[in-house]
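Read the numbers this way: they start at 1 and go in the same order the structure lists the ligands and their atoms.
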Amino acid sequence: MKIGFIGLGNMGAPMASNLAAAGHDVTGFDVTGVSLANVELATSAAAAATGREVVITMLPDGAILRSVAAEIIPVIAAGCGFVDCSTVDVDSARAVAMDADAAGLLAVDAPVSGGVGGALAGTLTFMAGGSAAAFALAEPLFEIMGQKAVHCGDSGAGQSAKICNNMILGATMIATCEAFALADRLGLDRQKMFDVVSTSSGYSWTMNTYCPAPGVGPKSPADNDYMPGFAAELMLKDLRLSQQAAGSVDADTPMGAAATALYEQFVEEEDGRGRDFSAMLPRFETRKRDA
Ligand code: NAD
């Protein structure tokens with residue numbers, strides 16, 4: 001397939017490389033100069049999208065997605081695909097999909113989970129929103145870049161699934177970290193805490209797979225001085241998107257709101273920026289109850 005790939009950052013570059021390695025003809029564009037084996041670079045987003053059967057975007061936020069979409073939708077031929085894999089607000093995803101639909105394109109919002117490791121290994125999970133025909137066009141590409149793709153519903157459904165998942169993730173990480181910090185103060189050994197919780201009803205992905213305590217459980221960013229991994233500021237971005245979405249549909253999300261406020265404080269007032277989101281554990285460790 002002739003593929004255009006716009007946004008060749010930490011995630012986009014390995015995703016584009018995997019498509020090229022699988023034999024697709026990939027033209028890429030990024031505003032910062034990058035070079036990528038087997039990916040021809042264009043000088044603008046429109047140039048990267050022209051004459052392509054599917055155009056994929058992997059961009060930082062909804063405002064940038066909207067501006068890139070305005071540039072590329074007019075040059076993509078009717079019947080071709082526009083697949084946005086960025087994590088953006090549901091409103092931007094729906095607005096861009098509407099414009100793409102109006103131009104006769106097959107639009108999919110398909111944010112991912114799995115991080116940079118998953119992008120490199122081609123093991124991402126895609127959560128997709130759009131028509132059945134649009135999903136069918138994109139699915140073979142998801143199979144190359146990932147190991148699972150779920151068609152969640154109409155446009156915006158992929159973003160909705162992503163932010164709901166990450167709202168759970170943020171709140172669960174905080175719960176796991178504060179429980180470890182409490183266990184420390186109660187004199188409980190961390191390994192014993194892991195042995196019990198990981199096989200009891202408090203178990204979760206954050207405890208069992210991505211344990212925030214160094215030296216405990218499978219290897220995780222905690223074992224690498226909390227180098228991300230999944231950076232606290234990216235967690236904050238997704239939590240803010242969840243609260244924006246909750247506000248737009250009047251949903252009551254008190255745990256999501258509390259998680260957003262804590263990560264905001266951690267990233268903007270403390271030392272969270274640039275650290276893995278599991279570095280909440282050393283944060284709780286050093287604090288007192290009313291601090
Ligand atoms: P990144 O900042 O590394 O990459 C974004 C790229 O977009 C950059 O290279 C930037 O130069 C480029 N860009 C910005 N404006 C542009 C424009 N107008 N035209 C072309 N290129 C432009 O970010 P990333 O980590 O690759 O994340 C990309 C998206 O994936 C984000 O929405 C993020 O929330 C999401 N995501 C990231 C992770 C992760 O672990 N990094 C995991 C899941 C989802």
Side-chain angles (χ1 to χ4, degrees), residues 4-18 26-36 39 41-50 52 55-73 75 82-90 92-93 96 109-128 142 145-149 158-167 169-170 173 205 210 220-221 226-242 244-245 263 267 273-278:
F5 206 115
I6 298 163
L8 301 169
N10 293 320
M11 297 290 291
M15 290 164 73
S17 283
N18 284 337
V26 185
T27 300
F29 174 70
D30 195 290
V31 284
T32 63
V34 287
S35 79
L36 214 52
V39 174
L41 290 177
T43 52
S44 69
T50 302
R52 303 277 115 186
V55 178
I56 302 175
T57 46
M58 193 51 168
L59 297 163
D61 60 40
I64 295 175
L65 169 67
R66 285 179 192 243
S67 84
V68 168
E71 209 186 317
I72 63 175
I73 288 173
V75 305
F82 176 9
V83 182
D84 175 49
C85 295
S86 329
T87 303
V88 301
D89 56 287
V90 177
S92 292
V96 162
D109 56 289
V112 302
S113 102
V116 176
L120 283 163
T123 55
L124 295 169
T125 294
F126 289 83
M127 32 218 121
F142 296 153
M145 298 182 286
Q147 63 184 0
K148 190 171 174 67
Q159 298 295 348
S160 302
K162 164 86 186 176
I163 58 178
C164 288
N165 180 74
N166 280 21
M167 189 173 81
L169 177 63
M173 179 56 86
W205 184 83
Y210 203 93
S220 71
Y226 297 99
M227 296 271 288
F230 186 47
E233 58 269 27
L234 289 179
M235 184 76 252
L236 176 58
K237 172 192 169 180
D238 292 357
L239 285 167
R240 281 178 168 153
L241 290 175
S242 76
Q244 190 181 336
Y263 273 104
V267 168
R273 187 175 295 277
R275 305 185 80 196
D276 189 72
F277 82 121
S278 60

Exercise. Name all residues meeting the salt bridge (charged side-chain N to carboxylate O under 4.0 Å, His left out) criterion together with Arg240; count only those two or more places apart in sequence or in a different chain, and write none if there are none.
Key: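 For Arg240, the residues satisfying salt bridge (charged side-chain N to carboxylate O under 4.0 Å, His left out) (neighbours in sequence not counted) are Glu264, Glu268.
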Quiz prompt | Parallel, tilted or perpendicular, as decided by the 30° and 60° cut-offs, for the rings of Phe277 and Tyr210 | solution =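 Ring orientation, 0 to 90° scale: tilted.
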Exercise. For ligand 1, would you mind listing the residues that have at least one heavy atom less than 4.0 Å away, ordered by chain and number?
Key: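 Within 4.0 Å of ligand 1, the protein residues are Ile6, Gly7, Leu8, Gly9, Asn10, Met11, Phe29, Asp30, Val31, Thr32, Met58, Leu59, Pro60, Ile64, Val68, Ser86, Thr87, Val112, Gly115, Val116, Lys162, Leu234, Lys237.
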Quiz item: So, do Asp238 and Leu169 sit near enough that their side-chain heavy atoms are less than 4.5 Å apart?
Solution: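 Result no, sub-4.5 Å side-chain heavy-atom pair not found.
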Quiz item: With no hydrogens and no angle check, is any side-chain donor or acceptor of Gln159 less than 3.5 Å from a backbone partner on Val88?
Solution: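 Present.
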Self-check item: side-chain contact (heavy atoms from CB on, under 4.5 Å) against Ala16, all qualifying residues, sequence neighbours excluded
Solution: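 Checked Ala16 against side-chain contact (heavy atoms from CB on, under 4.5 Å); matches are Phe5, Leu8, Val26, Leu36, Val39.
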Quiz item: Sequence neighbours excluded, which residues qualify as side-chain hydrogen bond (donor to acceptor under 3.5 Å, both in side chains) partners of Tyr226?
Solution: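 If we apply the side-chain hydrogen bond (donor to acceptor under 3.5 Å, both in side chains) test to Tyr226, skipping adjacent residues, there are no hits.
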